[in-house]
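The first residue of the sequence shown is numbered 1, and numbering continues consecutively from there. Keep in mind the model is a prediction, meaning the values are calculated, not measured.
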Amino acid sequence: MHTFLLFCKIVKYRFRSIIEYPGAFIGGLAAQWLAYGIEMMMLFLIVWNFGTLAGWVPEEVIFLYALWLLSYAIAASFTFNICRNFPQMAINGSLDEAFIRPMSPIVYLIATTYNLGYISHIMITTAALIFSISRLTVVWSVLNWFWLFLLIITGAVIQGCMMLICDMPALRTRSQSPTGMFFWDVNWWLIQYPISIYPRPVQLLFTSILPFGFIGFYPVQVLLGKQEGILPEITIWLSPVVAVMLIFITVLCWRGLTSRYESAGT
C-alpha cells in the first residue's frame, strides 16, 4: 500500500509538470487525433471496399484495431518513456537514483516517466470503440462487458510487459536494444490486423514466442463469436493467463539485467 501511494503521488506531480504548458499539450492531442483518425478511417474504407478482411467485416476490424491501440496507449503511458530512456539511464547514471528510493526501482522509474500525452490515443480509441460497438451484432450482456474490460486490461499488461522485455537489454548494451524491433516493428505493423490473414507459421509465432495475438485477436473472438488461429477453443480464453506469465517474466528479466548493473559513477 505504501508503494502504491508513493506511485500515485509521483504520477500526480508528473501530471502537473506536463500541463504547465497547456498550448503544447493541446496541440499534441490535436495532432494525434488527426493522425489516428485518418488512419482508422482509411482502414475502414479499405476493408469496406473489399467487403471483408479474411472474413472480418469493417466494423470488426476497426473494433480489433481500436482495442489494440487502446491497450497500447494505456501501457505506453507508463512504459514508453522508460523504454526510450534505458540506454541514457545506463550511460549518465540516472538509473542510480531509482535504487536509492524507498520503493521498487522499476515502479519508481515507471512513475517518474509517466507520459500523459497518450490520453489522446485513449480518447480517439474510445470514440472508435463506441462507433464499432454500435454497429456490431453482439448482444452486450454483463459478462460480455466484463470480458471487454478484462481484455483491455490484459492487453495493456501484455503490451507493457513486451515493451519492457524487448527494450530492457539496452541497459546492458547502453545503446538501442537488439530485441526492440520485435515490439516496435512486429507489434506496431502486424498485430493491429487479424493474424488469421498471415501464414500458419506466423500465427504460431504470435501465439507462442511473441504472444501478441493475445492482445486482441484471440480474446475479441469471444465477443464476436469467432474461432480462428491456433487452437481457438483454448487460446481465446488465455489472455489473462498470458498477462500474468509476462509479469513474472518481466520481473525476472529486470532482476537479471540489473543484478550486474554498474553505476556510471556520476
Side-chain angles (χ1 to χ4, degrees), residues 3-4 6-15 17-18 28 32 36 67-91 94-95 97-99 101 103-125 151-192 210-216 239-240 242-258 261:
T3 299
F4 177 74
L6 282 176
F7 180 86
C8 292
K9 184 171 291 188
I10 292 172
V11 170
K12 180 181 72 173
Y13 288 120
R14 175 73 177 168
F15 173 83
S17 67
I18 292 173
Q32 294 289 348
Y36 284 104
L67 286 173
W68 168 81
L69 185 57
L70 177 59
S71 62
Y72 165 77
I74 295 172
S77 297
F78 298 98
T79 57
F80 178 83
N81 282 347
I82 182 178
C83 288
R84 282 293 183 250
N85 292 339
F86 273 145
Q88 196 63 26
M89 287 178 182
I91 293 172
S94 58
L95 183 61
E97 179 183 341
F99 288 96
R101 300 302 180 189
M103 61 191 303
S104 167
I106 186 65
V107 175
Y108 174 79
L109 289 172
I110 291 174
T112 53
T113 56
Y114 175 74
N115 190 336
L116 182 63
Y118 280 98
I119 192 173
S120 60
H121 296 62
I122 296 173
M123 292 168 63
I124 194 170
T125 50
L151 75 87
I152 291 173
I153 299 302
T154 55
V157 171
I158 292 171
Q159 296 232 44
C161 287
M162 288 300 296
M163 194 187 307
L164 288 168
I165 291 170
C166 291
D167 278 343
M168 226 180 279
L171 288 172
R172 300 299 298 272
T173 63
R174 301 193 177 188
S175 62
Q176 184 176 0
S177 172
T179 56
M181 64 178 182
F182 293 120
F183 184 86
W184 298 108
D185 293 336
V186 174
N187 177 56
W188 192 257
W189 297 111
L190 301 179
I191 304 303
Q192 51 192 281
L210 299 174
F212 293 126
F214 295 98
I215 294 171
S239 286
V242 173
V244 172
M245 291 176 60
L246 284 175
I247 291 174
F248 283 106
I249 294 174
T250 303
V251 172
L252 290 175
C253 289
W254 170 259
R255 289 179 177 175
L257 287 169
T258 58
Y261 170 70

Atom [atom1] in [X], atom [atom2] in [Y]: separation rounded to 0.5 Å?
X: Ile249; Y: Leu164; atom1: CD1; atom2: CG; answer: 12.5 Å
X: Ile106; Y: Arg255; atom1: CD1; atom2: CZ; answer: 11.5 Å
X: Leu257; Y: Leu252; atom1: CG; atom2: CG; answer: 11.0 Å
X: Cys253; Y: Leu171; atom1: SG; atom2: CG; answer: 11.0 Å
X: His121; Y: Ile119; atom1: NE2; atom2: CD1; answer: 12.0 Å

Which heavy-atom pair separates [X] from [Y] by the least distance, and what is that distance?
X: Pro211; Y: Leu246; value: CG-CD1, 4.2 Å
X: Pro169; Y: Cys166; value: CD-O, 3.5 Å
X: Tyr114; Y: Asn81; value: O-ND2, 4.1 Å
X: Arg172; Y: Gly256; value: NH1-O, 4.4 Å
X: Trp254; Y: Leu95; value: CH2-CD1, 4.1 Å
X: Asp167; Y: Gly180; value: OD1-CA, 3.6 Å

Can you give the donor-acceptor pairs under 3.5 Å from side chains of residues 153-160 to other protein atoms, not counting sequence neighbours?
residue: Thr154; atom: OG1; partner: Leu150; partner atom: O; Å: 3.0
residue: Thr154; atom: OG1; partner: Leu151; partner atom: O; Å: 3.2
residue: Gln159; atom: OE1; partner: Asn187; partner atom: ND2; Å: 2.9
residue: Gln159; atom: NE2; partner: Trp68; partner atom: O; Å: 3.0
residue: Gln159; atom: NE2; partner: Ser71; partner atom: OG; Å: 2.9

Original post:
Would you call the rings of Trp184 and Phe80 parallel, tilted or perpendicular, where under 30° means parallel and over 60° means perpendicular?
Top reply: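 Plane angle over 60°, so perpendicular.
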Subject >> Any side-chain heavy-atom pair of Tyr108 and Phe99 under 4.5 Å >> reply: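 Side-chain contact under 4.5 Å: no.
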Subject >> Side chain to side chain, Met162 and Ile215, heavy atoms closer than 4.5 Å >> reply: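 When only atoms from C-beta onward are counted, Ile215 and Met162 do not touch, as no gap falls below 4.5 Å.
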Original post:
So, the side chain of Thr250 versus the backbone of Ile165: is there a donor-acceptor pair under 3.5 Å, distance only?
Top reply: no
Original post:
Of all residues at least two apart in sequence or in a different chain, which pass the side-chain contact (heavy atoms from CB on, under 4.5 Å) check with Thr173?
Top reply: Ala170, Ser175, Pro178
Subject >> Residues which pass ring pair (Phe, Tyr, Trp, His ring centres under 6.0 Å) with Tyr72, listed by chain and number, not counting sequence neighbours >> reply: Tyr118, Trp188
